[in-house]
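Chain letters run A, B, ... following the sequence lines, proteins first and then strands; every chain starts at 1.
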Protein chains: 2
Amino acid sequence: MDVLTRIRAAGFRATKQRIELVRFLEKTEHPLDIQDIVKGLSRSTDMVTVYRMLAAFKRADLVREVNLRGEHPRYELADESDHHHIVCTDCGRIEDFTDETHERIGKQVLARSKSFEAITGHSFDLYGVCKPCAK
Amino acid sequence: MDVLTRIRAAGFRATKQRIELVRFLEKTEHPLDIQDIVKGLSRSTDMVTVYRMLAAFKRADLVREVNLRGEHPRYELADESDHHHIVCTDCGRIEDFTDETHERIGKQVLARSKSFEAITGHSFDLYGVCKPCAK
DNA sequence: TTAGCTGCAAATACTTTGCACTGGG
DNA sequence: CCCAGTGCAAAGTATTTGCAGCTAA
């Protein structure tokens with residue numbers, strides 16, 4: 001589905017700011033924070049507009065918010081396959097990995113829990129040292 | 001180990017503010033944010049001091065920072081056994097659970113990764129609906 | 001005694017809100 | 001045409017920094 005269609009399908013007007021945002025996120029490999037995103041868009045696009053676009057896209061499940069340790073939230077397109085992040089604690093490099101095990105863990109936890117009725121989401125991220133930083 | 005000794009062992013002076021903070025965190029069942037903590041301490045303890053105590057205790061591994069979705073950071077004593085949190089997305093209720101599986105996942109990810117040398121930490125939390133909220 | 005801590009004030013950083021104008025459909 | 005969306009300004013929060021005075025050791 002092309003960018004304009006995706007934006008409209010989510011119930012929004014396809015403005016040039018929104019089109020540029022989606023195209024920019026399509027090009028990025030890893031979740032970016034507000035600052036990164038503002039820097040990546042036309043200088044004329046206000047940071048406030050970026051906040052508003054991301055909030056709206058998040059509500060519409062077009063964009064996914066990623067919260068890593070101590071950092072401000074980062075954003076990535078939600079259509080990317082479900083994955084988790086491994087982060088270098090030294091340089092901040094982020095890489096993706098996939099894992100299905102947590103689903104089973106969720107079910108186990110639910111079975112044992114006296115107080116929870118359902119599980120609707122999870123966060124699972126790893127922190128480590130990347131090879132360049134390990135040297 | 002008693003509170004004063006623990007604080008001193010971490011390399012700090014056992015001031016009344018720090019003693020009160022540790023005693024307060026010992027009583028709490030789940031990680032609290034800055035606001036909760038300030039409210040729980042003597043009115044005379046400045047919020048700035050709370051920020052500074054938590055930052056120092058975190059560096060000294062006396063306190064652990066917990067980052068949940070979209071929330072400001074929360075803090076709990078680090079001596080509590082390694083555990084994860086399950087959070088009700090409706091009322092914010094937090095419960096603990098333990099799981100060892102993520103260690104194995106970490107090793108698998110590391111084995112497959114071309115760019116990471118070591119894993120030093122992780123975050124794993126579940127989100128769901130608690131029984132009272134499900135009704 | 002004296003360096004580590006604290007409280008108060010102020011600076012900085014981040015995010016949200018209000019409002020008039022613009023442009024997408 | 002008209003209302004969702006934008007930019008600019010300003011307000012609201014969260015967090016950090018500077019510094020003078022206090023206090024634990």
Side-chain angles (χ1 to χ4, degrees), chain A residues 1-25 31-60 62-75 92, chain B residues 1-25 31-60 62-75 92:
Chain A
M1 205 195 308
D2 90 320
V3 174
L4 273 76
T5 312
R6 281 171 63 192
I7 294 172
R8 289 182 184 137
F12 301 112
R13 289 191 178 173
T15 64
K16 65 180 190 313
Q17 293 86 341
R18 286 173 175 184
I19 295 164
E20 192 188 18
L21 172 61
V22 174
R23 293 218 166 108
F24 177 61
L25 292 179
L32 302 177
D33 65 18
I34 297 272
Q35 312 286 344
D36 297 333
I37 294 171
V38 170
K39 274 180 214 141
L41 301 178
S42 319
R43 254 173 85 22
S44 64
T45 302
D46 198 278
M47 184 186 286
V48 171
T49 300
V50 177
Y51 272 105
R52 288 194 271 224
M53 290 191 291
L54 290 170
F57 283 4
K58 185 180 138 187
R59 262 180 268 122
L62 210 76
V63 149
R64 187 185 300 132
E65 185 176 305
V66 177
N67 294 284
L68 300 176
R69 249 185 214 173
E71 295 192 344
H72 290 150
R74 292 172 171 271
Y75 301 87
Chain B
M1 205 194 310
D2 88 321
V3 174
L4 272 77
T5 312
R6 281 171 63 193
I7 294 173
R8 289 182 184 136
F12 301 112
R13 289 193 178 174
T15 63
K16 67 178 190 313
Q17 292 87 340
R18 286 173 176 183
I19 295 163
E20 192 188 17
L21 172 62
V22 173
R23 293 218 167 108
F24 177 61
L25 291 179
L32 302 178
D33 67 17
I34 297 273
Q35 312 286 344
D36 297 332
I37 294 170
V38 170
K39 273 179 217 143
L41 302 178
S42 319
R43 256 173 84 20
S44 64
T45 302
D46 198 278
M47 184 186 287
V48 172
T49 300
V50 176
Y51 273 105
R52 287 194 272 226
M53 290 191 291
L54 290 171
F57 284 3
K58 185 181 137 185
R59 263 181 267 120
L62 210 76
V63 150
R64 186 186 300 133
E65 185 176 303
V66 177
N67 294 285
L68 300 177
R69 249 184 215 174
E71 294 192 344
H72 290 150
R74 292 172 172 270
Y75 301 88

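To the nearest angstrom, P of D:dT15 lies 12 Å from CD of B:E71. Whole-Å rounding puts the B:Y75 OH to D:dT15 P distance at 7 Å. A:I7 has its CD1 atom 17 Å from the P atom of D:dA4, to the nearest Å. Following rounding to the nearest Å, B:L54 (CG) and C:dC5 (C1') show an atom-to-atom distance of 15 Å. Rounded to an integer number of Å, the gap from A:I37 CD1 to C:dT15 C1' is 14 Å. A straight line from CD of A:E20 to C1' of D:dG5 spans 15 Å, rounded to a whole angstrom. B:R74 has its CZ atom 15 Å from the C1' atom of D:dA14, to the nearest Å. Spacing between atom CE of B:M53 and atom C1' of D:dT15 amounts to 15 Å, rounded to whole angstrom units.
A close approach under 4.0 Å does occur between a side-chain nitrogen or oxygen of A:R18 and OP1 or OP2 of D:dT6. OP1 or OP2 of C:dC14 has at least one side-chain nitrogen or oxygen of A:Q35 nearer than 4.0 Å. At the phosphate of C:dG7, OP1 or OP2 sits under 4.0 Å from a side-chain N or O atom of B:Q17.
Note: B:L21 CG to B:L41 CG = 6.0 Å, rounded to the nearest 0.5 Å. The structure places CD1 of B:I34 at 10.0 Å from NE2 of B:H72, a figure rounded to the nearest 0.5 Å. Taking CD of B:Q17 as the start and OG1 of B:T15 as the end, the distance is 4.5 Å to the nearest 0.5 Å. To the nearest 0.5 angstrom, A:R69 atom CZ is 10.5 Å from A:E71 atom CD.
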- Using a 4.0 Å cut-off on protein heavy atoms (strictly under), produce a 5'-to-3' string for nucleotides 19-25 of chain C with B for base contact, S for backbone-only sugar-phosphate contact, and - for none. ----BBS

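Looking only at distances, a side-chain donor or acceptor of A:E20 sits under 3.5 Å from a matching main-chain atom of A:S42.
Each of A:D2, A:I7, A:V63 was compared with A:V22 under the side chain to side chain contact (heavy atoms under 4.5 Å, CB included) criterion, and only A:I7 meets it.
Minimum heavy-atom separation, A:E65 to B:G70: OE2-CA, 4.1 Å.
For residues 43-51 of chain A, proximity to DNA chain D is found at A:S44, A:T45, A:D46, A:V48, A:T49, defined as any non-hydrogen atom under 4.0 angstrom from a strand atom.
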- Task: Could you give me the CA-CA distance, side-chain angles and deciding distance for A:L68 and B:N67, then say whether side chain to side chain contact (heavy atoms under 4.5 Å, CB included) is met?
- Result: CA-CA 8 Å; A:L68 300 176; B:N67 294 285; over 6 Å; no

Only pairs under 3.5 Å count here: list side-chain donor-acceptor contacts from residues 43-57 of chain A, not counting sequence neighbours, and write none if there are none.
from	atom 1	to	atom 2	distance (Å)
A:D46	OD1	A:V48	N	2.8

